[in-house]
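Counting convention: from 1, in listed order, for ligands and their atoms alike. Just so it is clear, the structure is predicted and the values come from calculations on it, not from any experiment.
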Amino acid sequence: METFDYDDIQLIPNKCVIKSRKEADTSVQFGPRKFKIPVVPANMESVINEDLAVWLAQNGYYYVMHRFEPENRASFVKRMHDRNLFASISVGIKDAEYDFIDQLKSEHLDPEYITIDVAHGHSDFVIKMIQYIKKQLPNTFVTAGNVATPEAVRDLENAGADATKVGVGPGKACITKLKTGFGTGGWQLAALRLCSKAARKPLIADGGIRHNGDIAKSVRFGASMVMIGSMLAGHQESPGHIITIDGKQFKQYWGSASEVQKGAYRNVEGKQMLVPFRGSIKDTLHEMQEDLQSSISYAGGRDLESITKVDYVIVKNSIMDGDY
Ligand SMILES: NC(=O)C1=CN([C@@H]2O[C@H](COP(=O)(O)OP(=O)(O)OC[C@H]3O[C@@H](n4cnc5c(N)ncnc54)[C@H](OP(=O)(O)O)[C@@H]3O)[C@@H](O)[C@H]2O)C=CC1
Ligand SMILES: Nc1nc2c(ncn2[C@@H]2O[C@H](COP(=O)(O)O)[C@@H](O)[C@H]2O)c(=O)[nH]1
């Protein structure tokens, strides 16, 4: 099997057909809605909160609220709908989650999007949850994950998932590969490519994005949407506290399976770290859009579709950290 990751790939330019990068259309249809860019902040407590979810929904971006304040989720859906915004929430697979789905149904609080968010998504219990949500809330767009293989994509799609999230262990705050020996850490982009061969529905590439150009690479290898944690955790709108060390500002970023998140050292597969403070998320998302517009122009097209066709070369470790 050919393995490679983001830093090992360079996309090859085609003749440009647009006069200005401003003409390049970065929008993406994902489920029932169209979004400005194929980027979604990770559904982690250190990346998204309600204020940010509202801002993202109001400004044409996709978001997925995390599931770590379970008792707030029904009222969150209600508040989003009262504001005429779409609701996009996360669930797990424990027994109480079935009661929560029943509550949403009985209170007519159908969210537009639900993401089933567990570490090992290729599981009978994820399949059972997909089937339950689709039965109780048939109009909700269900994303299931996380997975690492084409077989998993097939199984979750066959169970009724509308999209699948790919990435086991490539995240910046992740220690899954060290603690368990498993995952797509170090070959996430190749895993995405393999999964895309099997997928008949959209894929979300989740984890391992370190540069804006990795978004275009994800699109090239089959992603409809790209989930980003560490690169979006360091903003003034991000939930973590600002910490100043030697005059430099940072924000806290912690894994959803970290001791900090779990409140106990049990099945820990994540860590807490500091990420550089980056100002407003508005500017970072705008820069991502501009860079993606450049990517589309290099691809020789006018929209994201053009990136999916470009040739590429594998140049192992061609991009050094020192370049940035
Ligand atoms: N994308 C990634 O690479 C990873 C992401 N995460 C994130 O961390 C958070 C916590 O995840 P998770 O541990 O799934 O949360 P949960 O505690 O919600 O676990 C999910 C359920 O699956 C069971 N389970 C069985 N085998 C596994 C397994 N190998 N890994 C995880 N659960 C298993 C758990 O039972 P029991 O606890 O009794 O085993 C539990 O009932 C999620 O937000 C997830 O996205 C975590 C690790 C990797
Ligand atoms: N193995 C773990 N993975 C985790 C944990 N918390 C979140 N995640 C995954 O990471 C991505 C974000 O990756 P990044 O490279 O952009 O920072 C996130 O969407 C989850 O899938 C964890 O504790 N352990």
Does the protein place a non-hydrogen atom closer than 4.0 angstrom to atom 47 (C) of ligand 1? yes
Any protein heavy-atom neighbour for atom 21 (C) of ligand 1 (distance below 4.0 angstrom)? yes
Side chain, backbone, both or neither: the part of Phe182 lying under 4.0 Å from ligand 1 by heavy atom: neither
among protein heavy atoms, the one nearest atom 43 (O) of ligand 1 is Asp117 OD2, 2.6 Å
Is it the case that Arg73 places NZ or CZ above or below the six-membered ring of Phe100, under 6.0 angstrom from the centre and within 45 degrees of the axis? yes
How close do Gly222 and Ser196 get, counting heavy atoms only, and between which atoms? CA-CB, 3.9 Å
Closer than 3.5 angstrom, by distance alone: can the side chain of Thr26 be matched with the main-chain N or O of Gln293 as a donor-acceptor pair? no
Closer than 4.0 Å to some heavy atom of Glu269 - which atoms of ligand 1 meet that? 47 (C)
For atom 25 (C) of ligand 1, is there a protein heavy atom at a distance under 4.0 Å? no
Using a strict cut-off of 4.0 Å, indicate which atoms of ligand 1 neighbour a heavy atom of Ala257. 8 (O), 46 (C)
Is atom 34 (C) of ligand 1 close to the protein, meaning a heavy atom under 4.0 Å from it? no
Can a cation-pi geometry be assigned to Lys282 and Tyr61, taking NZ or CZ under 6.0 Å from the six-membered ring centre and within 45° of the ring axis? no
Identify all pairs of nitrogen or oxygen atoms, one from ligand 2 and one from the protein, separated by less than 3.5 Å, and list them with distances.
unit_1   : atom_1 : unit_2 : atom_2 : d
ligand 2 : 1 (N)  : Thr176 : OG1    : 2.6
ligand 2 : 1 (N)  : Glu269 : O      : 3.3
ligand 2 : 6 (N)  : Ser256 : N      : 2.8
ligand 2 : 15 (O) : Lys172 : N      : 3.0
ligand 2 : 15 (O) : Gly208 : N      : 3.0
ligand 2 : 15 (O) : Arg210 : NH1    : 2.8
ligand 2 : 15 (O) : Arg210 : NH2    : 3.1
ligand 2 : 16 (O) : Gly229 : N      : 2.7
ligand 2 : 17 (O) : Lys172 : N      : 3.4
ligand 2 : 17 (O) : Ser230 : N      : 2.9
ligand 2 : 17 (O) : Ser230 : OG     : 3.1
ligand 2 : 17 (O) : Tyr253 : OH     : 2.6
ligand 2 : 19 (O) : Asp206 : OD1    : 2.5
ligand 2 : 19 (O) : Asp206 : OD2    : 3.2
ligand 2 : 21 (O) : Asp206 : OD1    : 3.3
ligand 2 : 21 (O) : Asp206 : OD2    : 2.5
ligand 2 : 23 (O) : Ser256 : N      : 3.2
ligand 2 : 23 (O) : Ala257 : N      : 2.7
ligand 2 : 24 (N) : Glu269 : O      : 2.7

Is any heavy atom of the protein nearer than 4.0 Å to atom 39 (O) of ligand 1? no
Given a cutoff of under 4.5 Å between side-chain heavy atoms of I, L, V, M, F, W and Y, with clusters grown through shared members, what are the other residues clustered with Leu194? Met1, Trp187
So which of Lys94, Gln188, Arg67 gets nearest to atom 15 (O) of ligand 1, if we judge by its closest heavy atom? Arg67
Considering non-hydrogen atoms of the protein only, which is the closest contact for atom 27 (C) of ligand 1, and what is the distance? His120 CB, 4.6 Å
Residue set satisfying ring-ring contact (aromatic ring centres under 6.0 Å, His included) with Phe4, at least two apart, ordered chain then number -> Phe221
If you compare all heavy atoms of Ile37 against all heavy atoms of Met288, which two are closest, and at what distance to 0.1 Å? CD1-CB, 4.4 Å
Qualifying residues under side-chain hydrogen bond (donor to acceptor under 3.5 Å, both in side chains), relative to Asn49, sequence neighbours excluded: none
Using a 4.5 Å cut-off on heavy atoms from C-beta on, say whether the side chain of Met80 contacts that of Leu109. no
Atom indices of ligand 1, in the order listed, that fall short of 4.0 Å to a heavy atom of Thr176: 47 (C), 48 (C)
Is the closest heavy atom of Arg266 to ligand 1 under 4.0 Å? yes
Per-atom contacts of ligand 1 with Ile93, taking only distances under 4.0 Å to non-hydrogen atoms: 21 (C), 22 (O)
Return the minimal non-hydrogen interatomic distance between Ile18 and Arg21, and the atom names on each side. CD1-CA, 4.2 Å
Is there a heavy atom of Phe125 sitting under 4.0 angstrom from any atom of ligand 1? no
Identity and separation of the nearest protein heavy atom to atom 3 (O) of ligand 1: Gly169 N, 2.7 Å
Quick one: which of Gly208, Gly167, Cys174, Gly145 has a heavy atom closest to atom 2 (C) of ligand 1? Gly167
Atoms in ligand 1 flagged as close to Asn146, the criterion being non-hydrogen separation under 4.0 Å: 1 (N)
Please work out which of the three classes, parallel, tilted or perpendicular, describes the rings of Phe141 and Tyr113, given edges at 30° and 60°. perpendicular
What I want to find out is whether Arg193 reaches Glu2 closely enough, with some N-O distance under 4.0 Å, to be called a salt bridge. yes
For the rings on Phe250 and Phe277, is their centre-to-centre separation under 6.0 Å? no
Of the options Leu285, Leu85, Val40, which is the one that meets Leu56 in a side-chain contact (heavy atoms from CB on, under 4.5 Å)? Leu285
Among all protein heavy atoms, pick the one closest to atom 14 (O) of ligand 1 and tell me residue, atom and distance. Ala119 N, 2.8 Å
Go through the side-chain N and O atoms of Gln272 and Ser258 and say whether any donor and acceptor fall under 3.5 Å apart. no
Give the atoms of ligand 1, by number and element, whose distance to some non-hydrogen atom of Val118 is under 4.0 Å. 14 (O), 20 (C)
State the atoms of ligand 1, each with its element, that fall below the 4.0 Å cut-off from a heavy-atom position in Val168. 3 (O)
Would Tyr63 and Phe35 count as a close aromatic pair, with their ring centres under 6.0 Å? no
Under 4.0 Å from one or more heavy atoms of Ser256, ligand 1 contributes atoms 7 (C), 8 (O), 9 (C), 43 (O)
Any carboxylate oxygen within less than 4.0 angstrom of a Lys/Arg side-chain nitrogen, looking at Glu259 and Lys271? no
